Structures are given as structure tokens and as C-alpha cells.
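Down below is the structure, laid out as C-alpha cells.
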Amino acid sequence: IEVVPNGVDEVHFAPAPGTPEPATLVFEGSMDFEPNADAAEYLCRELLPRIHARRPDVKVLLVGRDPTPAVRALASDSVTVTGWVDDVRPYVARASLFVCPLRSGAGIKNKILQAWSMGKAVLATSVSVGGLEVHDGENIVLRDDPDRFVDAVIELLADPARCQQIGERARQTVQRGYRWQARTAQFAAVLASIAAPRAARLAEGRPPVG
């Protein structure tokens with residue numbers, strides 16, 4: 001068995017110029033997918049009130065197609081529910097911090113790879129990062145306990161320099177191991193290793209196996 005993980009287009013998802021909007025969180029994904037919808041509700045109904053108790057100015061952008069009725073109902077003065085957008089990059093670029101508070105789901109999260117590629121600091125739960133090269137406090141911040149998640153939001157929003165540093169290390173992680181060029185080369189190598197014995201048998205005039 002060979003595993004070729006997902007990759008990301010580091011040129012398309014490049015860091016945007018300019019300064020992010022202060023006190024702005026973004027969560028992105030298909031909002032009809034149950035784990036994403038649950039995370040959006042958890043963020044806005046359970047975590048955001050605790051955040052607002054300490055930072056009333058914090059805003060949330062929920063970006064993604066087909067929001068469920070429960071997700072649409074989260075819209076408020078502090079929460080924007082976009083629905084379908086042509087391009088998620090402007091919304092990710094606007095945010096001070098990318099959050100991914102998933103409580104269920106599996107597999108590599110493209111949303112995190114995209115945020116990393118754009119040089120964004122990411123605050124996530126451990127459920128969100130399966131299969132990714134994560135180093136807590138270096139290229140990402142991981143918090144599962146809701147109180148600690150809220151503490152991390154407050155701390156990171158108050159420290160843009162740390163966010164920038166985490167975001168830079170995140171992009172370096174992408175450049176080191178998640179660029180599509182590297183992933184396609186890895187896939188090509190797997191195909192070549194499968195084809196080589198067959199080609200060798202044909203070259204020797206022997207029938208291929210299988």
C-alpha cells in the first residue's frame with residue numbers, strides 16, 4: 001500500500017498583501033457537510049459567547065456553499081454566513097485567524113492546507129489535523145478543550161506578530177511537503193514502480209504477469 005497525501009496549489013493560495021481585519025475569525029468549508037455544520041454551530045453558539053465576554057469586537061466569517069438552516073440561523077451582527085462564493089481567498093485573507101473547531105470527521109482537511117499556503121495562523125482541534133505534519137505552537141495551535149480554545153483565540157488576536165510567525169511556518173510546511181508538484185511526482189513514482197516489472201518482462205520477451 002502506498003499513500004499519496006493531498007496537496008495544495010501554493011501559487012493560487014498565496015499570501016495576500018495588506019493587513020488582515022482585526023479581531024476577525026474565519027472558518028471555511030461546505031456548510032452542508034455535517035462535521036462542518038456542527039463546527040460552525042459549536043463555534044458560534046458555544047465558543048463565541050465566551051470570546052465576546054473578553055473581546056466583544058470579535059467577528060466570525062462562515063464561508064462555504066449550501067449552509068444548512070441551522071448554519072444560516074447563526075448570522076448576526078457578529079457572524080457573517082456567506083453561502084456560495086466564487087473565491088474563498090479574499091475571505092481567508094481578511095481574517096486575523098483561521099479557526100477549525102471540528103468535533104468529527106476524518107481525512108486531510110484541504111481548508112487547513114489552503115490557509116497554511118496563504119500564510120495564515122490556524123487554530124484547530126486535533127480532529128481537524130489527521131494526516132498533516134503539525135507541530136503545536138510552531139505551524140499551528142491545537143486546542144480541544146473549549147476553554148483553552150477560547151484562551152488561544154484571545155491570546156492570538158492580541159499577538160499579531162505571533163500569528164505572522166505561525167503563518168510563515170505553516171507556509172514553509174506547505175512548500176516543504178504539500179506542493180502539488182511534489183505530490184504528483186510521488187504519484188508518478190508509484191505508477192512507475194508498478195509498471196517497471198511488467199516492462200522488464202516484455203523487454204525480455206516474457207508475458208506480463210496479471
Side-chain angles (χ1 to χ4, degrees), residues 3-30 35-36 39-40 43 47 51 58-64 85 87-103 105-145 148-186:
V3 177
V4 181
N6 285 2
V8 63
D9 185 339
E10 62 160 341
V11 176
H12 185 73
F13 289 99
T19 303
E21 296 179 6
T24 302
L25 312 179
V26 64
F27 174 58
E28 177 260 316
S30 297
N36 287 340
L43 172 61
L47 301 180
I51 294 168
V58 170
K59 302 183 295 294
V60 172
L61 305 174
L62 299 177
V63 183
V85 296
D87 190 347
V88 300
R89 292 174 299 171
Y91 297 91
V92 176
R94 283 172 54 187
S96 317
L97 180 64
F98 189 101
V99 294
C100 193
L102 292 173
R103 299 190 291 183
I108 288 179
K109 303 299 180 290
N110 289 330
K111 58 173 69 70
I112 291 182
L113 285 177
Q114 291 168 4
W116 272 4
S117 187
M118 293 183 67
K120 284 291 172 180
V122 175
L123 169 60
T125 55
S126 57
V127 171
S128 307
V129 299
L132 292 173
E133 179 194 335
V134 295
H135 302 284
D136 185 21
E138 296 183 18
N139 63 356
I140 199 168
V141 176
L142 299 177
R143 299 289 186 270
D144 289 324
D145 177 78
R148 295 191 67 214
F149 198 100
V150 169
D151 287 343
V153 169
I154 299 300
E155 291 164 7
L156 289 166
L157 290 181
D159 195 347
R162 185 179 177 214
C163 285
Q164 182 177 351
Q165 184 181 61
I166 293 170
E168 288 172 352
R169 290 174 177 168
R171 181 160 173 83
Q172 290 166 6
T173 303
V174 165
Q175 292 173 322
R176 184 170 61 247
Y178 292 95
R179 300 164 65 245
W180 272 127
Q181 294 92 326
R183 291 309 185 204
T184 52
Q186 184 181 355

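All of these numbers come straight from a predicted model, not from anything done at the bench.
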From CG (L157) to CD1 (I51), nearest 0.5 Å: 7.5 Å

Minimum heavy-atom distance between L25 and A95, given as atom pair plus value: C-CB, 4.3 Å

W116 side, atom CH2; I166 side, atom CD1 - distance, nearest 0.5 Å: 11.5 Å

CD1-SG distance between I112 and C100, expressed to the nearest 0.5 angstrom: 4.0 Å

Side chain proximity check, I140 to V129, heavy atoms < 4.5 angstrom: yes

Salt bridge E10-R179, side-chain N to carboxylate O under 4.0 Å: yes

Chi angles and distances behind the side chain to side chain contact (heavy atoms under 4.5 Å, CB included) call for V26, R94: CA-CA 8 Å; V26 64; R94 283 172 54 187; over 6 Å; no

Donor-acceptor side-chain pairing of S126 and D144 below 3.5 angstrom: yes

Between CZ on residue R143 and CG on residue L123, distance to nearest 0.5 Å: 7.5 Å

Criterion side chain to side chain contact (heavy atoms under 4.5 Å, CB included) on Q114 and H12, from CA distance to verdict: CA-CA 9 Å; Q114 291 168 4; H12 185 73; over 6 Å; no

Minimum-distance pair of heavy atoms, taken over all atoms of V141 and A152: CG1-CB, 4.3 Å

Minimum side-chain heavy-atom gap R176-E133 below 4.5 Å: yes

Within-4.5 Å side-chain heavy-atom neighbours: L156 and R162: yes

Check: R89 and F13 side chains under 4.5 Å, non-hydrogen atoms: yes

N-O pairing of R169 and E138 below 4.0 Å: no

Main-chain N/O of H135 paired to N139 side chain as donor or acceptor, under 3.5 Å: yes

Expected output: side-chain T24 to main-chain S96 donor-acceptor under 3.5 Å: no

Expected output: side-chain Y91 to main-chain V85 donor-acceptor under 3.5 Å: no

Main-chain N/O of L113 paired to S117 side chain as donor or acceptor, under 3.5 Å: no

Contact summary for F27 and A40, nearest pair of heavy atoms: CE2-N, 4.0 Å

Worked verdict on L43 versus L62 for side chain to side chain contact (heavy atoms under 4.5 Å, CB included): CA-CA 10 Å; L43 172 61; L62 299 177; 4.2 Å; yes

Nearest heavy atoms of L47 and V150, plus distance in Å: O-CG2, 3.9 Å

Test item: side-chain donor near acceptor, E168 and Q164, under 3.5 Å: yes

Sub-4.5 Å side-chain heavy-atom contact between R103 and P35: no

From T173 atom OG1 to Y178 atom OH, the distance as rounded to the nearest 0.5 Å: 8.0 Å

Gap separating the CZ atom of F98 from the NZ atom of K120, nearest 0.5 angstrom: 10.5 Å

Donor-acceptor pair, side chain of T125 and main chain of L102, under 3.5 angstrom: yes

Donor-acceptor under 3.5 Å (D136 side chain, L142 main chain): yes

Sidechain-backbone polar pair: N36 side chain, G29 backbone, donor-acceptor under 3.5 Å: no

